[in-house]
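Shown next, in structure tokens, is the structure this report addresses.
In what follows, every chain begins at residue 1, and chains take the letters A, B, ... in the order their sequences are listed. Hydrogens, waters and symmetry mates are skipped; everything else that's a heavy atom, side chains included, is used.
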Number of protein chains: 2
Amino acid sequence: MIERIQNLLRANGIKPSHHRIKVYQYLIEKRNHPSVDMIYQELVRNIPTLSKTTVYNTLNLFLEKGIAVMITIDENETRYDADTSLHGHFRCNGCEEIYDLRLDTSALEWESLDEFEISESHLYFKGLCPRCH
Amino acid sequence: MIERIQNLLRANGIKPSHHRIKVYQYLIEKRNHPSVDMIYQELVRNIPTLSKTTVYNTLNLFLEKGIAVMITIDENETRYDADTSLHGHFRCNGCEEIYDLRLDTSALEWESLDEFEISESHLYFKGLCPRCH
DNA sequence: CATAAAATTAGAATGATTACAAAAATGAAA
DNA sequence: TTTCATTTTTGTAATCATTCTAATTTTATG
């Protein structure tokens, strides 16, 4: 597992330090679209010297190298996702859970965007999830 | 014009004060998806006593009453739009312009969302616009 | 005019994020 | 192993958008 992460990081031009591996592992194991603080609070339990700045630095590096994406579904905290494939999100206003929305990518090939060069696509909804509805 | 705005505000349960009318007028005339600061800088030229807090209060009231929506396409500043119809946005990484994307709303009726009650939909892209491309 | 309610203001507080410079860890060469 | 340069990490301070709060001004009403 760790080794697979190391290879993935290296393949994307990221030196696989212990902290970086742990942050990436958190993202792919929890799949919970965490904020910086959520990652920090979890990891600091095992890495007492961890600095929140390191989590910021690491995530910004992941974004830059394209192995994670930023989600702006929460107005005051950035969320992160290691699933960089084209998909949407749903944030429940009741339980605050963020769901992944697998979607027919053909629906996202818009007509009038011919001349536009798209580098990022963001799609999300808010409302109530089945459990809270 | 002013009168039409007054009626619209009143119809949505908002007392049409001078400041509120001006903020709303800015939104519908400029159609530029402004930040709070952009609105403030423009209006303060004619209303020297204007406070930025008032712009914040006013926009939050508009959101609450449903006559404007928040756009999170800019990572560090919230943008606003008085067009509350379902449409997307495109932010050019070159000129920073935010374009409206009229889109086939049928494409946004996703399959697996049956049990979810949607109250907000957000769709945006980033990249290069035709001029900057 | 008087008075209560609502709107506006200014400044302080909050909180997420970034900047920065020092300290620690890493890795290669001798 | 030791040295030395490079990279990573750290802690603190700075930044900046937004909200809070309490005072002031404006508005509407009797």
### Query
So what does A:Asn57 touch, heavy atoms closer than 4.0 Å: a base, only the sugar-phosphate, or nothing?
base

### Message
Nearest whole Å is fine: how far is C:dT8 P from B:Tyr40 OH?
### Response
14 Å

## Note on the structure
Taken to the nearest whole Å, CG/B:Asp74 to C1'/C:dA16 is 15 Å

## Note on the structure
B:His19 NE2 to D:dT25 P, in whole Å, measures 14 Å

### Task
Establish, yes or no, whether a centroid distance under 6.0 Å links the rings of B:Phe116 and A:Tyr99.
yes

### Query
Contact class for A:Ser35 (heavy atom, under 4.0 Å): base, sugar-phosphate, or nothing?
nothing

### Message
C:dT26, OP1 or OP2 - any side-chain N/O from A:Ser17 closer than 4.0 Å?
### Response
no

### Message
If the cut-off is 4.0 Å, is B:Tyr56 near the phosphate of D:dT18, judged by side-chain N/O to OP1 or OP2?
### Response
yes

#### Entry: Residue-phosphate contact under 4.0 Å: B:Thr53 side-chain N/O, C:dG11 OP1/OP2
no

### Query
Of all the choices, D:dT10, D:dT19, C:dA16, which nucleotide is nearest to the side chain of A:Ser51 once you look at every atom?
D:dT10

### Message
Among residues at least two apart in sequence or on other chains, which ones pass side chain to side chain donor-acceptor pair (under 3.5 Å) with B:Asp83?
### Response
B:Ser85, B:Arg102

### Query
Hey, is the side chain of B:Thr78 poking within less than 4.0 Å of OP1 or OP2 on D:dT18, counting only N and O atoms?
yes

#### Entry: Side-chain N,O (A:His18) to OP1/OP2 (D:dT8) below 4.0 Å
no

### Query
Where the side chain of B:Arg91 meets the backbone of B:Lys126, is there a donor-acceptor pair that is under 3.5 Å apart?
no

### Task
Would you indicate whether the side-chain heavy atoms of B:His87 and B:Asp81 approach each other to under 4.5 Å?
yes

### Task
For B:Leu50 and for B:Lys15, find the nucleotide of DNA chain C with the closest heavy atom, then tell me which residue's nucleotide is more 5'.
B:Lys15

### Task
Return the value, rounded to whole Å, for the distance between atom CG of B:Asn60 and atom C1' of C:dA7.
15 Å

### Query
Which one, D:dA17, C:dT8, C:dT17, comes nearest to the side chain of B:Glu77?
D:dA17

